[in-house]
Amino acid sequence: MSLFVLLLSLIVLLNFDGSTKNSPGIVDATEVHLSEYPPGCDTTAAAQCEYEFLLCKLFKGPANDQTTLCNCAKDFYGKCLRLAGCETANEVGALTNHEVYMATCVAFIMEHDCPDPLICSINCASDEQIDSTTTKIIPFNNYGQYYLRTRVCLTKIQEQRLQRYSVIQQVTCSDLSDFSICNRWVPPSSFVPVALPINTTYIEIDSCVVNSDGSYTCLDTPGPQQVYGNSFLFPKSFEVTPSNQTTCSTDSDCLGSFCDKSFRPYICSPKTIQQALGTGADYMNV
């Protein structure tokens with residue numbers, strides 16, 4: 001983005017005084033990523049995020065400095081938008097193209113070769129930044145038509161056996177309340193790394209829809225899919241199996257990836273762990 005456009009954006013935003021700094025989407029947030037259903041995008045908080053991102057790019061360092069731009073993006077995409085619940089929502093700014101934030105994030109980290117591509121990921125391990133050394137990273141390739149809700153079963157001990165016999169026996173999560181439910185859903189036709197807590201024993205993935213009135217429903221059919229692992233080994237990816245209807249025509253059909261036209265019919269290229277843990281320039285390498 002040219003300096004002229006940045007300055008023009010700042011002029012438009014001069015009347016935006018940052019009064020939303022006390023919005024619950026921005027500060028004093030704890031475990032905002034955990035709830036049965038998404039809280040929705042706080043558009044006021046998202047506007048504040050865009051304002052702070054613009055100021056950061058303009059004044060936090062030299063013009064067009066890679067380190068400065070990537071640090072600004074890390075705060076914007078990796079923290080502010082996550083707390084606002086807007087990672088997969090559309091831009092709200094008057095001078096934006098109203099694209100999906102995740103799509104603009106991927107374009108940004110690739111253009112500037114940012115060292116941490118996980119700022120464009122779904123974080124189900126914590127509220128803000130992802131630490132790849134203390135989380136499990138699993139690329140989700142959602143070729144399906146539903147949103148994917150991730151329910152995390154953490155290490156769970158059979159309390160009676162522990163108290164009576166001092167024996168540690170792991171048990172499954174049986175009720176919905178036993179799970180840590182991530183409210184950051186993976187949209188249809190999206191290809192994105194998902195961060196999970198390091199002590200995850202397994203996950204269950206629900207297929208969900210957004211109803212016409214804006215409410216949410218998670219379906220019994222198809223039922224939840226279970227993905228198992230342990231502290232040393234976990235699946236390298238999760239994939240909703242492509243169908244004959246799973247095709248693309250342009251890159252815009254593949255959130256977080258690109259339309260691979262070397263296949264017939266065209267299909268979105270799957271996300272890999274190597275792409276997730278590389279740099280921004282490697283994010284689409286196959």
Side-chain angles (χ1 to χ4, degrees), residues 1-29 32-33 38-123 126-132 183-184 187 190 192-193 195 252 255-256 276 279-281 283-284:
M1 183 179 291
S2 69
L3 181 60
F4 172 77
V5 174
L6 286 173
L7 290 173
L8 181 60
S9 300
L10 182 61
I11 292 171
V12 171
L13 289 170
L14 279 177
N15 291 327
F16 188 82
D17 61 3
S19 59
T20 61
K21 284 187 177 181
N22 291 325
S23 164
I26 294 181
V27 298
D28 299 329
V32 297
H33 67 290
C41 174
D42 184 339
T43 56
T44 303
Q48 172 71 23
C49 293
E50 291 185 11
Y51 173 75
E52 293 178 354
F53 186 38
L54 176 61
L55 293 181
C56 184
K57 290 186 291 183
L58 282 172
F59 302 121
K60 286 291 186 179
N64 297 320
D65 177 65
Q66 179 199 32
T67 301
T68 300
L69 292 172
C70 291
N71 286 338
C72 293
K74 187 170 184 177
D75 284 341
F76 177 55
Y77 293 108
K79 179 181 178 180
C80 200
L81 287 178
R82 283 176 177 153
L83 292 179
C86 300
E87 313 99 300
T88 58
N90 291 84
E91 298 170 300
V92 299
L95 295 181
T96 67
N97 294 321
H98 302 292
E99 297 179 71
V100 177
Y101 283 116
M102 185 180 292
T104 66
C105 181
V106 170
F108 192 95
I109 63 169
M110 292 179 62
E111 178 183 357
H112 301 289
D113 193 19
C114 293
D116 183 14
L118 291 177
I119 64 174
C120 303
S121 303
I122 300 289
N123 190 359
S126 62
D127 288 342
E128 300 177 9
Q129 306 290 358
I130 296 172
D131 183 351
S132 61
N183 59 30
R184 295 166 174 170
S190 61
V192 57
S252 62
L255 181 60
T279 67
Y283 201 69
M284 297 291 188

Short side-chain to backbone donor-acceptor contact, Asn183 and Val32, under 3.5 Å
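Indeed, once roles are kept as given, a pair shorter than 3.5 Å links the two residues.
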Output yes when a side-chain donor or acceptor of Arg82 lies under 3.5 Å from a complementary backbone atom of Glu128, and no otherwise.
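Yes, Arg82 side chain to Glu128 backbone: donor-acceptor pair under 3.5 Å.
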How far does [atom1] of [X] sit from [atom2] of [Y], to the nearest 0.5 angstrom?
| X | Y | atom1 | atom2 | result |
| --- | --- | --- | --- | --- |
| Cys114 | Gln66 | SG | CD | 6.5 Å |
| Asn64 | His112 | CG | NE2 | 7.5 Å |
| Lys57 | Thr68 | NZ | OG1 | 12.5 Å |
| Asn97 | Thr104 | CG | OG1 | 10.0 Å |
| Ser190 | Ile122 | OG | CD1 | 7.0 Å |
| Leu95 | Leu54 | CG | CG | 9.5 Å |

Would a 4.5 Å heavy-atom cut-off, applied to side chains only, mark Ile119 and Gln129 as touching?
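Yes, side chains in contact.
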With a 4.5 Å limit on heavy-atom distance, are the side chains of Val92 and Tyr101 in contact?
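A side-chain contact exists here, since the closest heavy-atom pair is under 4.5 Å.
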Please report the C-alpha distance between Val192 and Leu255 in whole Å, then the side-chain angles of each, then the deciding distance to 0.1 Å, and finally whether the side chain to side chain contact (heavy atoms under 4.5 Å, CB included) criterion is met.
CA-CA 8 Å; Val192 57; Leu255 181 60; over 6 Å; no
Contact summary for Thr96 and Gly93, nearest pair of heavy atoms:
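Looking at all heavy atoms of both residues, the shortest contact is OG1-O, 2.8 Å.
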Which pair of non-hydrogen atoms, one from Pro117 and one from Ala276, has the smallest distance, and what is that distance?
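Taking every non-hydrogen atom into account, CG-O, 3.2 Å.
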Between side-chain atoms of residues 84-91 and protein atoms elsewhere (two or more places apart, or another chain), which donor-acceptor pairs fall under 3.5 Å?
| residue | atom | partner | partner atom | Å |
| --- | --- | --- | --- | --- |
| Glu87 | OE2 | Arg184 | NE | 3.3 |
| Asn90 | ND2 | His98 | O | 2.8 |
| Glu91 | OE1 | His98 | N | 3.2 |
| Glu91 | OE1 | Glu99 | N | 2.9 |

Working for side chain to side chain contact (heavy atoms under 4.5 Å, CB included), residues Thr44 and Gln48
CA-CA 6 Å; Thr44 303; Gln48 172 71 23; over 6 Å; no
Taking only residues two or more places apart in sequence or in another chain, which ones pass side-chain hydrogen bond (donor to acceptor under 3.5 Å, both in side chains) with Tyr283?
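For Tyr283 there are no side-chain hydrogen bond (donor to acceptor under 3.5 Å, both in side chains) partners, ignoring immediate neighbours.
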Pair Cys56-Asp75, side chain to side chain contact (heavy atoms under 4.5 Å, CB included): steps then yes or no
CA-CA 9 Å; Cys56 184; Asp75 284 341; 5.5 Å; no
Measure up the Phe53 and Tyr77 rings against each other and bin them: parallel (under 30°), tilted (30 to 60°), perpendicular (over 60°).
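Because their plane-to-plane angle is over 60°, the rings of Phe53 and Tyr77 count as perpendicular.
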